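Okay, structure first, notes after.
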Amino acid sequence: MEEMKDIILEYVIEEYLEDEDEVLTYDTPLISGGIVDSFSMVSLKRFLELKYAISIPDDKASPEAFDTVNSIVDLVNEFVGKK
Amino acid sequence: MAYSNKIRETYLEQLKGIQDAGIFKQERFIHSSQAADIEVEFPTGSSLKKVINMCANNYLGLSSHPDVVKAAHEGLDSRGYGMSSVRFICGTQDIHRELENKVTEFLGTEDTILFPSCMDANAGVFEAILTDEDVMISDRLVHASIIDGMRLCGALHDTFKHSNMDHLEKKLQLHADKRLKVVITDGVFSMDGDTAKLDEMVDLCEKYDAMLFVDDSHSSGFIGTTGRGTHEKCGVMGKIDIITTTFGKALGGASGGCVSGRKEIVEMCRQKARPYLFSNTIAPVVVSGVLKVLDILLANTERRDKLEKLTEYWRKGLTEAGFVLKDGDTPIVPVMLFNAKLAQDFSKDLYDEGIYAIGFFFPVVPNGAARIRTQISAGHEIHHLDKALAAFIKVGKKYDILGKSKQEIIAAYGL
Ligand SMILES: Cc1ncc(COP(=O)(O)O)c(C=O)c1O
């Protein structure tokens, strides 16, 4: 099975990069780096919830928790299997 | 005193920040009616200058048309100046409903409701028809007033990349479980002048059982062979569930807007849309003017045909002169300069040559996509465009950008 962090990275690249040449790593700051605005964070949250059958409470879905692919993986892991 | 020095300082600091960023907006006072030839006081206090207006949304040249002015006078005489009431108390005249019916006929929809402005239509419509069980999926370049309207609505919001139909389809699949889905787009995008792919969007909406919303503010009156809008151009009249548009641009240019579309949606707005419920509607004098505008447009297509020819002439002239344009066929013709300072300097030099056209740069358009946005009007004549073209060429030579590619301009001026 594809690793979670690759699935999320791929989604972020597909979803938010307009320019094919831009490089994105697991540690690229997404929100503080201006790649994902807080408005579009909603769709990322929804993608994660549907994909991993979890529910992330709004107070956990902070801009900090969503700032890099690595931190998103940590967040998702907190909830996987807990439902 | 509640307005302490500390409060004043807070604002002065923010205003200075805007000034330092070079994005402080300043008005230019026009001392004549809106038209192709105007007299402008700029900077404030300087003597009046006669210039050709290349940046009004006066696409059909009807803003000061004698028949429209006359109709407005008659409306003023027969229906008075103000209503002193919102629509549902005692602020509705026969002519308000007459205008709603005429817009319905013009756009080929089921029903129409007037709003004080299209900003208000966009601000009110989503909250009136959607709940938190629903989803709004919008193009990433929709107008600011739509973004505000979506913010006021409790439904989930998601976006798709500009005019990217594959991405839109993915989003429709992602949100398949939602009760109601609305796909949201501008008809013609105001900054780039490109047209939404409404035919493909209608197909996708039918496939995934979603409604389609189009803001046709920069299309109503002149896009499509009889000027009905983007839905006419794309061959999908009768298939758009919600159209919003303004009377503040091509359709006389005074003010006012509307939501036009499915009967039930219009009725929901009449029951629930807050800008309709809590703000006075369009004044009788303006309603009378718009009624005349629609009569003119229903009688023949002369004005939009002329606009189409002038637009072709203008695009061809600029292209042959060696400017980089955004592709398209609408009267919004952006001349790309990429660098923000170059766009500002270029606009200033054009003004000295008697041409009024404004530079747009970040945050209004993306970083590195600065431009002069020109807008053609049926009120222009060929001699206006020839004079404007000569000025563009003169200034273009000064900055040595004629015949230069995007890469070459960026290499010379930076992003
Ligand atoms: C696409 C679009 N929608 C809505 C509006 C707002 O129109 P109004 O002036 O009627 O509020 C504008 C005007 O700038 C616009 O460009």
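The basis for the numbers below is simple: all heavy atoms, side chains too, and nothing from hydrogens, waters or symmetry mates. Not measured: the values here are computed from a predicted model. Throughout, a chain's letter reflects where its sequence line sits, starting with A, and its residues are numbered from 1.
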Practice task
Determine which residues belonging to residues 175-206 of chain B lie within contact range of chain A, meaning some heavy atom pair is under 4.5 Å apart, and list them by number or answer 'none'.
Solution key: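 Against chain A, the residues of residues 175-206 of chain B that fall inside the cut-off (heavy atoms, under 4.5 Å) are B/H175, B/D177, B/K178.
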Exercise for the section: For the residue pair A/D27 and A/N70, confirm or rule out a side-chain donor-acceptor distance under 3.5 Å. Expected result: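 Note: A/D27 and A/N70 side chains meet the donor-acceptor criterion.
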Problem - Parallel, tilted or perpendicular: rings of B/F213 and B/F126 (30°, 60°) - result: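 Ring orientation, 0 to 90° scale: tilted.
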Handout entry: Side chain / backbone / both / neither for B/H167 at chain A, heavy atoms under 4.5 Å
Key =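 Just its side chain gets close to chain A.
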Handout entry: pair A/V42-A/R46: side-chain heavy atoms closer than 4.5 Å
Key =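 They are not in contact (no side-chain heavy atoms under 4.5 Å apart), so the answer is no.
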Practice task
Kindly give the heavy-atom pair with the smallest separation between B/P275 and B/G124, and that separation in Å.
Solution key: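 Closest approach of B/P275 to B/G124, heavy atoms only: CD-CA, 3.7 Å.
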Exercise for the section: Assess whether salt bridge (Lys or Arg N to Asp or Glu O under 4.0 Å) is satisfied between A/E15 and B/R140, documenting all intermediate values. Expected result: CA-CA 12 Å; A/E15 177 71 21; B/R140 286 193 182 158; 2.8 Å; yes
Handout entry: Cation-pi geometry met for A/K5 and A/Y26 (6.0 Å, 45°)
Key =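 Yes, A/K5 and A/Y26 form such a contact.
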